[in-house]
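Inspection log for the structure reproduced underneath, given as structure tokens.
The structure displayed is predicted, hence computed values, not measured ones. Per chain, numbering begins at 1; letters A, B, ... match sequence-line order.
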Protein chains: 2
Amino acid sequence: MTTITLAEVAKRAGVSTATVSMVLRNRGRISQVTRERVLKALDESGYVYNQTAANLRNRSSNQVGLLLHDITNPFYGEMTAGLSHEMERHELLLFLANSEESCERQQKFVDSLMRNNACGMVLCAARETPRAFFEALKRRNIPAIMVVRPPDDPGFDFVGTNNFLGTQMATAHLLQLGHRNIAFIGGSLRSGTRSQRIGGFTSKLLEHGIAPKAEWLVTAEASQSDGSRVAEVLLNRYPQITAAVCYQDIVALGVMQALRKMGREPGRDFALVGFDDISEAALVQPALTTVSVAAKEIGRKAGELLFSRIQGNDEPPKSIILPPALVVRTSCGFR
Amino acid sequence: MTTITLAEVAKRAGVSTATVSMVLRNRGRISQVTRERVLKALDESGYVYNQTAANLRNRSSNQVGLLLHDITNPFYGEMTAGLSHEMERHELLLFLANSEESCERQQKFVDSLMRNNACGMVLCAARETPRAFFEALKRRNIPAIMVVRPPDDPGFDFVGTNNFLGTQMATAHLLQLGHRNIAFIGGSLRSGTRSQRIGGFTSKLLEHGIAPKAEWLVTAEASQSDGSRVAEVLLNRYPQITAAVCYQDIVALGVMQALRKMGREPGRDFALVGFDDISEAALVQPALTTVSVAAKEIGRKAGELLFSRIQGNDEPPKSIILPPALVVRTSCGFR
DNA sequence: TTGTACGCGTTATCAT
DNA sequence: ATGATAACGCGTACAA
């Protein structure tokens with residue numbers, strides 16, 4: 001298949017390539033007559049615009065990257081949908097990559113984006129990403145928006161949830177139901193997100209005159225099984241605990257398992273709040289009360305911000321922190 | 001930021017651009033001495049390869065498109081992960097778009113891919129895609145692999161599941177457990193996939209001398225909420241139904257909700273089989289027995305096939321139909 | 001409106 | 001046996 005070029009269309013229309021180019025992009029002043037002749041020629045020839053050539057000439061592109069660490073996680077699926085929608089509005093193409101928490105793959109993707117002259121990117125960086133990665137990224141001087149996982153480096157735009165407020169709401173809910181012995185279960189020590197959530201938790205306790213106990217703040221991997229394991233140890237040692245705020249819904253599901261194993265029924269003998277509002281939360285018995293973060297909205301907002309940066313917005317880096325919402329179901333009892 | 005070009009690296013190394021290009025891509029004959037001088041210059045200059053220029057020159061690219069109709073669906077999340085992984089192996093970048101079942105957006109995406117000179121694509125076409133879309137696509141002469149939803153047109157490569165066999169297995173499982181009043185819940189009337197699954201379901205019933213009842217075959221949207229809604233209506237009207245094969249796991253999860261609302265416990269008072277084996281299936285209580293179609297594997301196989309097409313494989317179009325597997329968990333009772 | 005230099009890497013052809 | 005020269009891919013934008 002021979003590709004038809006601008007030049008060929010121009011010859012067919014009996015004009016110059018400059019004219020055709022202008023008609024194509026509605027620039028400059030072209031007379032109605034010529035315009036129509038060109039449009040006709042374009043139509044007849046089956047011309048396909050060569051974005052690559054244009055990009056080369058313009059030292060630009062219409063392509064942005066999205067890097068996630070787990071595209072399989074429904075939360076990121078939602079987020080991707082939000083971002084994708086926003087990109088489409090601006091005629092931008094979206095490159096997707098899944099780092100699977102590998103810093104190496106992550107770096108490769110970013111390098112690839114640079115080679116391909118991408119005009120921006122949205123990143124949810126792998127957990128152990130070295131500082132050097134961010135430093136290098138800043139030197140590249142390409143718009144980059146961080147999402148969900150707040151970067152240590154304040155030099156980047158960020159869109160995420162108000163983790164602090166989220167656990168404050170969760171904790172307030174438990175306090176209001178009369179609980180005083182409340183644990184915090186889950187998350188990794190090195191996680192910044194966890195720090196924020198812990199902050200909301202302890203600050204709310206203190207507001208109510210309760211001193212948080214360090215022994216009741218335990219970490220867990222992001223899995224049901226580890227949530228269960230950890231909860232069992234904790235609750236066996238401290239049976240006086242009657243409620244918990246969990247770092248994630250999956251962990252909360254694990255805690256439920258542990259409770260049952262120990263003969264305590266979640267929602268009746270123990271109150272449980274999760275975080276994320278994954279779809280399972282609504283399905284389990286008792287349905288999990290949880291903090292909902294609007295994943296789609298994070299994607300949309302990240303897209304909006306990225307687009308403005310691409311357009312040249314050079315305000316200082318900003319953080320867009322979306323407000324969470326407490327979804328009250330039945331895992332804290334009925335009322 | 002000034003972009004460093006091949007020419008500048010060449011000057012720095014005291015050689016021609018041709019030499020640098022050859023070193024970069026390990027082509028041609030370059031002496032060890034020169035090669036090292038060039039590598040040094042490359043390193044010192046902080047050169048970034050301009051893929052766009054190379055693509056323009058080569059009339060090719062390293063970019064493929066993935067079009068889905070619902071990236072939010074965990075099934076497609078898995079599939080995307082599989083494809084993404086495969087693309088990465090071959091140093092291909094993946095463009096993602098979400099048609100949300102809109103033929104217009106779908107067409108726009110494909111046009112965009114053509115303009116950007118993509119070298120191939122993987123499509124799960126929107127439901128009401130007109131024939132003209134496929135015709136046009138074939139004329140484009142660009143490698144395109146259809147996935148999951150079998151196209152009417154046999155002129156395309158296809159990777160998907162044996163839906164017929166899948167529901168046969170699911171149905172046989174329920175029959176073996178003694179169920180006789182079995183419903184089929186979910187899917188859209190216009191879906192070819194659904195026809196195949198219904199086919200497996202009814203054929204297996206008939207094998208066992210059971211006449212399928214049309215009233216027990218109900219449609220539902222691909223969401224928990226609609227699954228729940230539909231199941232409630234069905235089971236209220238026909239309380240004698242004791243089991244169901246669901247079109248999708250998400251629908252099955254909805255059915256679970258409905259059952260509980262009606263005071264029936266899934267896995268004890270009602271047996272449920274899903275389809276897809278999304279990750280939630282293993283997590284809910286009771287864990288969902290389901291037909292696994294190895295979503296990731298579909299993505300991988302599609303990627304493999306696409307790559308071979310890009311490499312010039314011009315065998316006639318083929319269909320890769322992956323065998324499903326029944327994953328028995330506890331939603332049909334314990335045994 | 002047009003002519004044309006330009007963006008930057010690639011590769012066939014030529015030179016040593 | 002090595003490496004240089006230069007035409008080329010195709011759309012863009014400025015000077016004329």
Side-chain angles (χ1 to χ4, degrees), chain A residues 1-42 45-63 91 111-112 114-119, chain B residues 1-42 45-63 91 111-112 114-119:
Chain A
M1 203 180 76
T2 47
T3 50
I4 290 116
T5 70
L6 251 197
E8 283 160 35
V9 176
K11 192 189 294 177
R12 180 193 284 257
V15 298
S16 76
T17 60
T19 307
V20 180
S21 178
M22 288 171 124
V23 169
L24 270 176
R25 300 175 304 126
N26 274 315
R27 295 251 175 104
R29 298 156 305 266
I30 308 286
S31 75
Q32 204 41 245
V33 204
T34 352
R35 150 163 287 123
E36 266 158 30
R37 222 182 31 234
V38 171
L39 287 176
K40 183 151 166 280
L42 279 168
S45 61
Y47 170 73
V48 175
Y49 184 80
N50 187 330
Q51 187 81 246
T52 307
N55 287 346
L56 174 60
R57 178 67 242 219
N58 294 336
R59 302 149 153 273
S60 76
S61 88
N62 59 332
Q63 303 166 352
E91 313 250 283
D111 291 347
S112 189
M114 297 309 301
R115 280 198 299 275
N116 283 274
N117 197 17
C119 59
Chain B
M1 202 178 79
T2 46
T3 50
I4 290 117
T5 69
L6 250 197
E8 284 160 36
V9 176
K11 193 187 294 176
R12 179 191 285 257
V15 298
S16 76
T17 60
T19 307
V20 181
S21 178
M22 289 171 126
V23 170
L24 269 177
R25 302 176 315 121
N26 275 316
R27 292 261 175 95
R29 325 117 301 197
I30 307 289
S31 74
Q32 205 40 244
V33 203
T34 338
R35 149 165 286 121
E36 266 158 30
R37 222 181 32 234
V38 170
L39 287 175
K40 183 149 164 283
L42 279 168
S45 62
Y47 171 73
V48 175
Y49 185 79
N50 187 330
Q51 186 79 245
T52 307
N55 287 345
L56 175 60
R57 175 68 239 214
N58 294 334
R59 300 147 155 275
S60 76
S61 88
N62 59 333
Q63 303 165 352
E91 312 250 285
D111 291 346
S112 189
M114 297 310 300
R115 280 198 299 274
N116 283 274
N117 198 17
C119 60

Task: From CG (A:Leu6) to CD1 (A:Ile4), nearest 0.5 Å - done: 11.5 Å
Open item on the list: Among residues 46-54 of chain B, which ones have heavy-atom contacts with DNA chain C below 4.0 Å?
Closed with: B:Tyr47, B:Tyr49, B:Asn50, B:Ala53, B:Ala54
- [ ] Mind checking the OH-CG spacing from A:Tyr47 to A:Leu42? Nearest 0.5 Å is all I need.
- [x] 7.5 Å
Task: Nearest-0.5 Å distance, OG1 of residue A:Thr52 to CD of residue B:Gln51 - done: 10.0 Å
Task: N or O in side chain of A:Arg59 less than 4.0 angstrom from C:dC6 OP1/OP2 - done: no
Open item on the list: Let's go through B:Val48 and B:Thr3 carefully: what are the C-alpha distance in whole Å and the side-chain angles of both, what is the deciding distance for side chain to side chain contact (heavy atoms under 4.5 Å, CB included) to 0.1 Å, and is it a yes or a no?
Closed with: CA-CA 8 Å; B:Val48 175; B:Thr3 50; over 6 Å; no
Open item on the list: Hydrogens and angles aside, do A:Arg59 and B:Asn50 bring a side-chain donor and acceptor to less than 3.5 Å of each other?
Closed with: no
Open item on the list: Base, sugar-phosphate or nothing for A:Val15? Non-hydrogen atoms, less than 4.0 Å.
Closed with: sugar-phosphate
TODO: Compare all side-chain heavy atoms of B:Arg29 with those of B:Met22 and state whether any distance is below 4.5 angstrom.
DONE: yes
Pull out every protein N or O sitting under 3.5 Å from an N or O of nucleotides 3-5 of chain C, one pair per line with the distance.
{"unit_1": "C:dT4", "atom_1": "O4", "unit_2": "A:Thr17", "atom_2": "OG1", "d": "3.4"}

Open item on the list: Rounding to 10°, can you tell me the angle the first-five-pair axis of the helix from C:dT1-D:dA16 to C:dT16-D:dA1 makes with its last-five-pair axis?
Closed with: 50°
TODO: Kindly write out the residues that satisfy salt bridge (charged side-chain N to carboxylate O under 4.0 Å, His left out) with B:Lys40, not counting sequence neighbours, or none if the list is empty.
DONE: B:Glu44
- [ ] Answer yes or no: does a side-chain N or O of A:Thr19 lie under 4.0 Å from OP1 or OP2 of C:dT1?
- [x] no
Task: Heavy-atom side-chain proximity of A:Asn62 to A:Asn55 below 4.5 angstrom - done: yes
Open item on the list: Heavy atoms within less than 4.0 Å of DNA chain C: which residues of residues 26-33 of chain B have one? Give them sorted by number.
Closed with: B:Arg27
Task: B:Ser21 side chain near C:dT11 phosphate (N/O to OP1/OP2, under 4.0 Å) - done: no
TODO: Over all heavy atoms of both residues, which pair between A:Ser61 and A:Cys119 is shortest? Give the atoms and the distance, please.
DONE: O-SG, 3.5 Å
Task: OG1 on B:Thr34 to CD on B:Glu36, rounded to 0.5 Å - done: 9.5 Å
- [ ] Name the first nucleotide and the last nucleotide along DNA chain D (5' to 3') that come under 4.0 Å of a heavy atom in chain B.
- [x] D:dT2 to D:dC10
TODO: Determine whether the side chains of B:Asn116 and A:Gln63 contain a donor N or O and an acceptor N or O closer than 3.5 Å.
DONE: yes
Open item on the list: Are the side chains of B:Ser45 and B:Arg12 in contact, using a 4.5 Å heavy-atom criterion?
Closed with: yes
